Amino acid sequence: MVSSDFKSFCQRFIRGDNWHNLDVKRKNLGYGWFHYGMICSARPKRVLCIGSKWGFVPAVCAMACVDCGDGSVDFVDASYDAQNDGPQAWGGAGNWSKIDVKKYFAPWEKKINLHVMTTKEFCQRDSHIFDYIYIDGDHSYEGVKSDFLLLWPKLSEGGFILFHDINSKYEGVHYGTGIFWQKLKAWLGNNIELPGDFGVGIIQKKADFRSAIIYELIKLFW
Ligand SMILES: C[S@@+](CC[C@H](N)C(=O)[O-])C[C@H]1O[C@@H](n2cnc3c(N)ncnc32)[C@H](O)[C@@H]1O
């Protein structure tokens, strides 16, 4: 973590929440180290993050791009607010439509572009290919499936797609990420899982005939 002081980083991007296997007292950023390490070692040119309450993963990714790579981060969040939008906010704070993104993500502001819109709207407007795609937005089964179907074609060959919350249990709203992940990893393979109460599932894309057929089958039958 070359370009940040740990305390101010936690105050801005974590704020007492812990969805990422953190141990703040021991200065352990949990899954954050994984994203940082992946970006510093795989050096993706374009990173895409879908959904975040306080910006933890987008900030870690932008920091890694500054410290170790020459990539940049697109961060998409519909800025839903749990108080006004209810369960579809998936715990969102509605802050992204209100903040000054350049100030909020400083000193990595040059490496991050915020898009306040849904994944679907973003995919209708943006034609880039990404090398590292992190999904943490709509956690319903249909929502995660829709994000996967929209984003898999935008993932480069050899690129990584990651799903947060593969271990989440029912908590008043129905998390579908785990069910979707169990099916996806069985069909596509080539995956690893990070343990913990929340969990992260990672698949590296093989742009082969088999994966293309599986993608079409998921679109048709799941
Ligand atoms: C609060 S996060 C989940 C918590 C998360 N684990 C974290 O690290 O902050 C979920 C975010 O996804 C956003 N979201 C929900 N559905 C979305 C969609 N269809 N497209 C884009 N963003 C979405 C919400 O606005 C919210 O900010």
Side-chain angles (χ1 to χ4, degrees), residues 9-24 28-36 47-63 73-99 101 104-105 112-126 130 132-152 154 161-178 180-181 193-202:
F9 184 87
C10 294
Q11 281 166 348
R12 208 183 321 165
F13 300 112
I14 297 171
R15 307 194 195 191
D17 286 329
N18 190 349
W19 291 302
H20 301 279
N21 229 6
L22 310 164
D23 185 348
V24 171
N28 180 352
L29 285 185
Y31 303 147
W33 294 130
F34 182 85
H35 301 299
Y36 189 87
V47 175
L48 176 63
C49 296
I50 307 290
S52 179
K53 186 172 185 181
W54 306 120
F56 174 72
V57 174
V60 167
C61 293
M63 178 170 37
V73 178
D74 285 278
F75 168 36
V76 175
D77 194 298
S79 200
Y80 292 142
D81 175 354
Q83 294 207 325
N84 298 320
D85 299 310
Q88 74 157 347
W90 297 98
N95 44 340
W96 302 119
S97 50
K98 297 174 200 149
I99 60 140
V101 67
Y104 191 86
F105 285 103
I112 190 158
N113 289 307
L114 171 64
H115 309 269
V116 180
M117 58 185 73
T118 64
T119 311
K120 189 173 176 189
E121 289 164 342
F122 177 75
C123 291
Q124 283 163 350
R125 293 170 202 196
D126 184 278
F130 294 88
Y132 194 83
I133 299 181
Y134 178 75
I135 299 178
D136 192 12
D138 182 341
H139 289 61
S140 67
Y141 178 86
E142 286 304 325
V144 182
K145 184 177 96 177
S146 166
D147 278 359
F148 170 77
L149 290 173
L150 288 164
L151 296 171
W152 184 256
K154 292 172 81 61
I161 192 162
L162 300 93
F163 299 84
H164 186 252
D165 273 325
I166 58 168
N167 296 336
S168 286
K169 307 284 179 308
Y170 181 81
E171 290 167 0
V173 283
H174 193 66
Y175 278 82
T177 319
F180 182 77
W181 171 252
E193 292 177 338
L194 304 186
D197 290 345
F198 298 90
V200 178
I202 303 120

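These numbers come from the heavy atoms of this one structure, side chains and all, not from hydrogens, waters or symmetry mates. When a ligand or atom number is given, it counts from 1 through the structure's own listing order. The structure displayed is predicted, hence computed values, not measured ones.
- Comparing G92, A78, G137 by heavy-atom distance to atom 12 (O) of ligand 1, the nearest is G137.
- Every N/O-N/O distance between W54 and ligand 1 stays at or above 3.5 Å.
- F13 and F9 have tilted rings, their planes meeting at an angle from 30° to 60° on a 0 to 90° scale.
- Looking from atom 8 (O) of ligand 1 to the surrounding protein, the closest heavy atom is H20 NE2, 2.7 Å.
- For ligand 1 and T119, the ligand atoms under 4.0 Å from any heavy atom of the residue are 20 (N), 21 (C).
- Heavy atoms only, all atoms of each residue included: S79 and V116 are closest at CB-CG1, 3.7 Å.
- Ligand 1 has no N or O atom lying under 3.5 Å from any N or O atom of G91, backbone or side chain.
- Shown here are the salt bridge (charged side-chain N to carboxylate O under 4.0 Å, His left out) partners of E121, two or more places apart in sequence or in another chain: there are none.
- Between H164 and H20 there is a side-chain heavy-atom pair separated by less than 4.5 Å.
- At a heavy-atom distance under 4.0 Å, only side-chain atoms of H164, from C-beta outward, approach ligand 1.
- Every N/O-N/O distance between H139 and ligand 1 stays at or above 3.5 Å.
- The nearest pair of heavy atoms linking S52 to G55 is OG-N, 2.9 Å.
- The proximity of S79 to ligand 1, defined as any non-hydrogen pair under 4.0 Å, is limited to the backbone.
- K154 places a side-chain N or O within 3.5 Å of a backbone atom of D126 that can act as its donor or acceptor partner.
- Heavy-atom distances between M117 and ligand 1 reach below 4.0 Å in at least one pair.
- Distances from atom 24 (C) of ligand 1 to the heavy atoms of G51, A89, G55 show the closest one on A89.
- Close approach of ligand 1 to D138 (heavy-atom distance below 4.0 Å) involves ligand atoms 15 (C), 16 (N), 17 (C).
- When side chains are defined from C-beta on, Y134 does not count as touching F163, because their heavy atoms never get closer than 4.5 Å.
- Of the listed options D77, V57, I14, D77 places a heavy atom closest to atom 25 (O) of ligand 1.
- Ligand 1 has a nitrogen or oxygen under 3.5 angstrom from a nitrogen or oxygen of K53.
- Both the backbone and the side chain of Y80 come within 4.0 Å of ligand 1, counting heavy atoms alone.
- Note: W19 and Y31 fail the aromatic proximity criterion, with ring centroids not under 6.0 Å apart.
- Checked against a 3.5 angstrom limit, the closest N/O atoms of W90 and ligand 1 fall outside it.
- A distance-only check finds a donor-acceptor pair linking the side chain of N167 to the backbone of G196 [under 3.5 Å].
- Of all protein heavy atoms, the one lying nearest to atom 10 (C) of ligand 1 is D136 O, 3.4 Å.
- Judged by distance alone, the side chains of D136 and H139 do bring a donor and an acceptor atom under 3.5 Å apart.
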